[in-house]
Structure formats: C-alpha cells, structure tokens
**Student:** 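Starting off with a structure, shown below.
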Amino acid sequence: MFAPWSPAFTADPYPAYAELRDRGRVHWFEPTRQWLVPHYSDVSALLRDRRLGRTYLHRFTHEEFGRTPPPPGHEPFHTLNDNGLLDLEAPDHTRIRRLVTKAFTPRTVQSLEPTVRRLADELVRGLVKNGGGDLLAEVAEPLPVAVIAEMLGIPESDRGLLRPWSADICGMFELNPSEDTAARAVRASVEFSAYLRELIAERRARPGGDLVSALISAHDEGERLSEQEMVSTCVLLLNAGHEATVNTTANGWWTLFRHPAELARLRADHSLLSTAVEELMRYDTPLQMFERWVLDDIEIGDTVVPRGSELALLFGSANRDPARFEGPAELDLGRADNPHITFGAGVHYCLGAPLARVELAASFGELLRQAPAMRLAAEPEWKPGYVIRGLRELRVEV
C-alpha cells in the first residue's frame, strides 16, 4: 500500500493514498516509525497545531524526547539545517522569520518580475532554437536557481555550484537516508557554508542591493541574524526556493502531456494560466510529505499519538482528498475552489510562495507562447526520491 522506496509507488502514489484515506485517519508505518496522516482536514489542522513542531530541541533534549542524537559525523549538516527557518520553532523561528521578512518583501518579489520574465524568455528561446531537449535541465532547473542566485548576489561564474550542493543536501530529507547520502550532504554543507561565509564577509565590507546585504542590515529592537543564521537562511532560500519550482514545472508538463484536452484548453486560452499553475501544484504535488514532531499528546480520530512520535503529513494525499476537492483525480485547469496545501500552512507557510508563482507563470507562459506545439519526445523516468518527488528528465520536441 504505502511503499515509498518502490519505483512503481513513486511513479503513482495516488491509489495507495486513496486506500489509506479509506482505511482511517492515521496509520502507523513501522519502517520509518512514523504516523501517516492522509486526510486534507487533518493535515491542514495539524500544520497549524502548536502541539507539533519541526523540532523538539527548543523544549527537550534528544534523550528526554526518547530520540537518539544524530551521529557526530553528521554535525555540519545538522548545524546548517537546524538553524534555518524550516526547522526552528518559537521564539527563534519568530525572530528570524520577522527579520528575513524585512528583507524578503513583496516589493522585492515585484522588483524581480522583469528579471524572471527575461530569464524565462531566454531559456525557452534556447530550447526552441535547438528544436527541443530536456525541459527539466534546460528550463525548469536553470530559472529558479538563477533567480535565487540573482537575489543573493552570487556571481554568474559560481552559479553552477549551487544545484549540486542543493541536491546533495536535500537527499537527507528522504526517508531513511543511507550513509552515502549523509556523507554527500555533509560535504555539500561544509562547502556551501564556507562559500557563503566568504560572500557574507564581502557584503559586510561592500554592501550591495542583494538579499545577503539586506539580511546583514536587517534588525529589530537590537536583534540581528547571527552569521550561522544568515548562512542557513541563504541555503534554505536556495533549496526551498527552487526544488518545488523545478519539480512543479517538469511534473506539470508531464501531467499536461497526459491530459491533451486540458493542454489544448490552456493553449487556446492563456488567461487560464494562473488557475492552471495552482491546479498543477495540487494535482501532482512536488513535496509529497512534510514531517512534524509530537510535542504533547494529541488525538487524531480515536488514536492517541503520544509525545515523542513523528507524524508524516501526506500533502499529496491531502491534495487529492474527495472530502475537500470535487473530482480530485480529474485535472481541471480552471478549478476555482482550490485551497491546496502545497505551500504548507500555519507559521511555516512557505515564505517564497509569491516568488514561486511568479517563476511558474513566467516559464509556463513562455513555453505556451514560444512553443505552442511542444510535444513529448520520450517517456520520462522518476527519480528514486519520494518526499521531494520529481522526474530525472523530460525530453520534448519543439
């Protein structure tokens, strides 16, 4: 039923999700020792429940919480990851998010729109000139990486370093990562952190109009970001700021190719682009699972989930729940009632959601305009990861 290491499950987890929803509200999964939560109403409510946390270290030691500390050799990864917004709780999360929000304003996103449109135009133009290619490698990946690099002020000559570092670090977010995966994540954490510390030192000496300079100057009532918090924030902005966008773009086009009537509908009416992007994020969710620690006993239905447990909130299942979405297994690019939870909810709602929407609208829009007859050239394969779920490549012909 739920088999996250199975290629067949990764390719299509939705029948298993339907079975999980039919069988109850919460299920124990022994291989990862997690409670699986498949229903929209529960996932949505639990994302806002302060009895849960992305970390427990603000209240308990590992031992008090009944958990084994991570191996000492993994320390560089955990130092980097544990000081980022995504894995902090109040009061540190509140303080850092407030300071980061001062630098990451709606005006910042709005000012990036011309850059996003220009980059999307250039990337799609190159794909069209070549008669096609790998849409993932030539459009989906370069666009958000370039945008985040532009925001952070990373020189163009160094941008090729970012995607491999990000991929290696994100490998640790999969279920039961191997020691090889951990070793790659540790190495990438050390290298990426060292690079960013040099960049921060340069911006301290010569501030610019980039986000790193803004993070250095951000303060509130005498509070500032520490250097480690700045490093972790920059890494999080890259990782969270492009992984979902990359996979939504590639997975989205794969979905469109498998629904030719809806693709024809979008090609005939580009005004559907905004609702189409939201529907593609709902229909095939790029982040399938989001985890939470149980800080105090909670009840889900008739099940008491004790403190010290870990919940696996199944975003992909929630976004296909017929109790919330009419015809959830149908792709409807004009769907108006679409409160998907792809960007999360509550205090950890994705800070970069507005920028992701700008990037997706730009890339899908340019492909619709410049490549109106684009078609699939080869059946794609899925990468082995389930939590961050995406294709290896997407070959197209223009």
**Student:** Under the side chain to side chain contact (heavy atoms under 4.5 Å, CB included) rule, what do L47 and F315 come out as? Steps first, then yes or no, please.
**Tutor:** CA-CA 11 Å; L47 284 169; F315 280 21; 4.0 Å; yes
**Student:** Checking S309 side chain against P306 main chain: does a donor-acceptor pair fall under 3.5 Å?
**Tutor:** yes
**Student:** If I compare all heavy atoms of S189 with all of P76, which pair ends up nearest, and what's the gap?
**Tutor:** CB-O, 3.8 Å
**Student:** Tell me which one of R50, R292, R95 satisfies salt bridge (Lys or Arg N to Asp or Glu O under 4.0 Å) with E89.
**Tutor:** R50
**Student:** If the plane angle is over 60° it's perpendicular, under 30° parallel, otherwise tilted; pick one for Y195 and F192.
**Tutor:** tilted
**Student:** Decide salt bridge (charged side-chain N to carboxylate O under 4.0 Å, His left out) for D92 and R97; before the verdict, give the C-alpha distance in whole Å, the side-chain angles of both, and the deciding distance to 0.1 Å.
**Tutor:** CA-CA 8 Å; D92 286 331; R97 188 173 180 113; over 6 Å; no
**Student:** Any idea which heavy atoms bring G208 and S213 closest together, and the distance?
**Tutor:** N-OG, 2.9 Å
**Student:** Might you point out which heavy atoms bring D210 and L152 nearest each other, and give the distance in Å?
**Tutor:** OD1-O, 3.6 Å
**Student:** Quick check: closest heavy atoms across D284 and W382, and the distance to 0.1 Å?
**Tutor:** OD2-CH2, 3.7 Å
**Student:** Would you say the side-chain atoms of H340 and Y283 include a donor-acceptor pair closer than 3.5 Å?
**Tutor:** no
**Student:** As a test of understanding, state which of F29, F2, W28 forms a ring-ring contact (aromatic ring centres under 6.0 Å, His included) with W35.
**Tutor:** W28
**Student:** Among the clusters formed by ILVMFWY side chains lying less than 4.5 Å apart, do L85 and L57 turn up in the same one?
**Tutor:** no
**Student:** Sub-3.5 Å donor-acceptor pair from the side chain of R203 to the main-chain atoms of G153, do we have one?
**Tutor:** yes
**Student:** Take a 6.0 Å sphere around CD of E63 and say whether it holds more than 12 heavy atoms from other residues, nucleotides or ligands.
**Tutor:** yes
**Student:** Looking only at atom types and distance, does a side-chain atom of N83 sit under 3.5 Å from a main-chain N or O of T79, one as donor and one as acceptor?
**Tutor:** yes
**Student:** Any donor-acceptor pair under 3.5 Å linking the side-chain atoms of S178 with those of D180?
**Tutor:** no
**Student:** Give me the atom names and distance for the closest heavy-atom approach of G24 to P38.
**Tutor:** O-CG, 3.8 Å
**Student:** Would a hydrophobic clustering, with Ile, Leu, Val, Met, Phe, Trp and Tyr connected at side-chain separations under 4.5 Å, put V305 with Y56?
**Tutor:** no
**Student:** Are W293 and F60 linked, directly or through other ILVMFWY residues, by side chains that come within less than 4.5 angstrom of each other?
**Tutor:** yes
